[in-house]
Enquirer: 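Have a look at this one before I ask anything.
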Amino acid sequence: MGVPVVGCGCDVCQSTNPKNKRTRCSVIFGLPEGNLLIDTPPDLRTQLLANGIGIVHAVAFTHSHADHLFGLDDVRLFQFYLGQAVPIYCEPNVDAKIRRVYDYAFSTEAQTHIGSRPALDMQEIGLDPFEVLGAKVTPIRLQHGPRFEVLGFRVGNVAYCTDVNHIPDESWAKLQGLDVLILDALRPEPHPTHFSIEEAVEVAQKVGAKQTYFTHIACRLEHERTNAWLPEGMELAYDGLELPLT
């Protein structure tokens, strides 16, 4: 829902600490040939402006839930900078959802003017690594509740794994040797489709990355108090956090 949550009066939602202000979850990788955006949340325009991103050269999707998809129309502008449709990397089920939700982007009618609809170049991916913008990106299968599969992504020694509450056995090998793990940790209590903070700590300890940042955080976790409790080498992420790719 983002923090502050509409209608919530808890101390985190009322906090003046900017690290307790949380837009919907996303990340961008600065690759050798441009910026790869992971997911297009409803806050996308605000996020791109606040962080001085400039141009998005390609997009990859973890999954199709609204809080990770419903900012897609904000990439409409980038076709003018790129001189071509924006490459969209996603699994077939995400492709199908995009074509339903943004059906106007795939209309066969002539445009009234250039840019009247988003120009999207849909690229199917699975679990095999793929090349984009001069880098190898490795998809990681994750489970988001009992009936929904999503992807995490690894670039170099950095892995981004949001919206997950179970890591399948075959995915652990892709999480070895990490410098940085970015991992879902929704709240203190267990949740049917997300890791709790304690569950996320256990997973992070098993992965053994040099540094772990927790993301997709609800208002039940205050930034400073939670960081004081977390083991060494683990912290809550925050909007605007920048990390080197290794």
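All residue numbers refer to positions in the sequence shown, counting from 1.
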Enquirer: Out of curiosity, Thr40 OG1 to Asp73 CG, how far, rounded to the nearest 0.5 Å?
Expert: 9.5 Å
Enquirer: Verify the cluster assignment for Val207 and Leu151: are they in a single hydrophobic cluster under the rule of side-chain heavy atoms below 4.5 Å apart?
Expert: no
Enquirer: Where does the angle between the aromatic ring planes of Tyr102 and Phe70 fall among parallel (under 30°), tilted (30 to 60°) and perpendicular (over 60°)?
Expert: perpendicular
Enquirer: Measure the shortest side-chain to side-chain distance between His144 and Val164 over non-hydrogen atoms and say whether it is less than 4.5 angstrom.
Expert: no
Enquirer: Identify the two heavy atoms, one from Cys90 and one from Phe61, that lie closest to each other, and give their separation to 0.1 Å.
Expert: CB-CB, 4.1 Å
Enquirer: Do side-chain atoms of Glu109 reach the backbone of Tyr104 as a donor and acceptor pair under 3.5 angstrom?
Expert: no
Enquirer: Would Val155 end up clustered with Leu127 when hydrophobic side chains under 4.5 Å apart are linked, directly or stepwise?
Expert: yes
Enquirer: Please check: side-chain N/O of Glu222 versus main-chain N/O of Arg225, any donor-acceptor pairing under 3.5 Å?
Expert: yes
Enquirer: What distance do His223 atom NE2 and Lys19 atom NZ have between them, rounded to the nearest 0.5 Å?
Expert: 4.5 Å
Enquirer: Assess, by modelled atom type and distance only, whether the side chains of Ser196 and His194 contain a donor and an acceptor separated by less than 3.5 Å.
Expert: no
Enquirer: Would a hydrophobic clustering, with Ile, Leu, Val, Met, Phe, Trp and Tyr connected at side-chain separations under 4.5 Å, put Tyr213 with Val201?
Expert: no
Enquirer: What closest approach, in Å, do Leu36 and Val132 show between heavy atoms, and which atom pair accounts for it?
Expert: CD2-CG1, 4.0 Å
Enquirer: Is the shortest distance from a Lys or Arg side-chain nitrogen in Arg22 or Asp43 to a carboxylate oxygen in the other one below 4.0 Å?
Expert: no
Enquirer: For Val86 versus Val75, what's the shortest heavy-atom pair and its separation?
Expert: CG2-O, 3.9 Å
Enquirer: Which heavy-atom pair separates Pro32 from Gly134 by the least distance, and what is that distance?
Expert: CG-O, 3.6 Å
Enquirer: Side chains of Pro139 and Asp128, heavy atoms from C-beta outward: is any pair under 4.5 Å?
Expert: no
Enquirer: Between Asp103 and Arg99, is there a salt bridge with N-O shorter than 4.0 Å?
Expert: no
Enquirer: For the pair His68 and His216, evaluate ring pair (Phe, Tyr, Trp, His ring centres under 6.0 Å) and give the outcome as yes or no after the intermediate values.
Expert: CA-CA 11 Å; His68 294 259; His216 210 291; 5.5 Å; yes
Enquirer: Measure from the side-chain N and O atoms of Asp67 to the backbone N and O of Arg24, and report whether any donor-acceptor pair falls under 3.5 Å.
Expert: no
Enquirer: Hydrophobic cluster membership, with links at side-chain heavy-atom distances under 4.5 Å among I/L/V/M/F/W/Y: are Leu175 and Val27 in one?
Expert: no
Enquirer: Quick check for you: to the nearest 0.5 Å, what is the distance between Ile167 atom CD1 and Ile140 atom CD1?
Expert: 8.5 Å
Enquirer: One pair to check against side chain to side chain donor-acceptor pair (under 3.5 Å): Asp179 and Thr246. What are the steps and the verdict?
Expert: CA-CA 7 Å; Asp179 291 326; Thr246 57; 2.5 Å; yes
Enquirer: Val12 versus Leu221: any side-chain heavy-atom pair under 4.5 Å?
Expert: no
Enquirer: Are more than 12 heavy atoms, taken from residues, nucleotides or ligands other than Leu49, located less than 6.0 Å from that residue's CG atom?
Expert: yes
Enquirer: Which pair of heavy atoms, one from Met234 and one from Ala204, lies closest together, and at what distance?
Expert: CE-CB, 3.7 Å
Enquirer: Are side-chain heavy atoms of Val203 and Phe195 found at a separation under 4.5 Å?
Expert: yes
Enquirer: Is the backbone of Ile55 close enough, under 3.5 Å, to the side chain of Asn35 for a donor and an acceptor to pair up by distance?
Expert: yes
Enquirer: Do the charged groups of Glu149 and Arg141 touch, with an N to O distance under 4.0 Å?
Expert: yes
Enquirer: Could you give the distance from CD1 (Ile217) to CG (Leu186), rounded to the nearest 0.5 Å?
Expert: 9.0 Å
Enquirer: Using the rule that Ile, Leu, Val, Met, Phe, Trp and Tyr join whenever any side-chain heavy atoms are under 4.5 Å apart, tell me whether Leu44 and Phe29 fall into a single cluster.
Expert: no
Enquirer: Can you tell me if Ser26 and Asp39 form a side-chain donor-acceptor pair at under 3.5 Å?
Expert: no
Enquirer: Examine distances only and state if a side-chain atom of Gln79 and a backbone atom of Arg76 form a donor-acceptor pair shorter than 3.5 Å.
Expert: yes
Enquirer: Quick one: does Tyr238's side chain get under 4.5 Å of Asn20's, heavy atoms only?
Expert: no
Enquirer: With no hydrogens and no angle check, is any side-chain donor or acceptor of Lys174 less than 3.5 Å from a backbone partner on Ala159?
Expert: no
Enquirer: Atom CD of Glu33 and atom CD of Glu131: how far apart are they, to the nearest 0.5 Å?
Expert: 9.5 Å
Enquirer: With a sphere of 6.0 Å drawn around CD of Glu224, does it hold more than 12 non-hydrogen atoms of other residues, nucleotides or ligands?
Expert: yes
Enquirer: Tell me if a side-chain donor or acceptor on Gln211 pairs with a main-chain N or O of Gly233 at a distance below 3.5 Å.
Expert: yes
Enquirer: For the atom pair SG (Cys8) and CE (Met1), what is the distance rounded to the nearest 0.5 Å?
Expert: 12.5 Å
Enquirer: Using a 3.5 Å distance criterion without hydrogens, assess whether the side chain of Gln111 forms a donor-acceptor pair with backbone atoms of Ser116.
Expert: yes
Enquirer: Give the C-alpha distance, both sets of side-chain angles, the deciding distance and a yes or no for side-chain contact (heavy atoms from CB on, under 4.5 Å) between Cys13 and Val3.
Expert: CA-CA 6 Å; Cys13 287; Val3 180; 4.3 Å; yes
Enquirer: Could you check whether atom CZ of Phe106 has more than 12 heavy atoms from other residues, nucleotides or ligands sitting under 6.0 Å from it?
Expert: yes
Enquirer: Hey, are the side chains of Leu178 and Val158 touching, using non-hydrogen atoms and a 4.5 Å cut-off?
Expert: no
Enquirer: Taking C-beta and beyond as the side chain, do Phe214 and Glu235 meet within less than 4.5 Å on heavy atoms?
Expert: no
Enquirer: With no hydrogens and no angle check, is any side-chain donor or acceptor of Asn165 less than 3.5 Å from a backbone partner on Gly145?
Expert: yes
Enquirer: Donor-acceptor pair, distance only, cut-off 3.5 Å: does the side chain of Asp74 make one with the backbone of Arg45?
Expert: yes
Enquirer: Which residue, Asp121, Leu72, Asp95, forms the side-chain contact (heavy atoms from CB on, under 4.5 Å) with Ile88?
Expert: Leu72
Enquirer: Classify the side-chain pair Asp163/His65 by whether it contains a donor and acceptor separated by less than 3.5 Å.
Expert: no
Enquirer: Charged N to carboxylate O under 4.0 angstrom, Arg220 versus Glu189?
Expert: yes
Enquirer: Any side-chain heavy-atom pair from Lys97 and Leu69 closer than 4.5 angstrom?
Expert: yes
Enquirer: Of all the heavy-atom pairs spanning Trp172 and Lys206, show the shortest one and how long it is.
Expert: CH2-CD, 3.5 Å
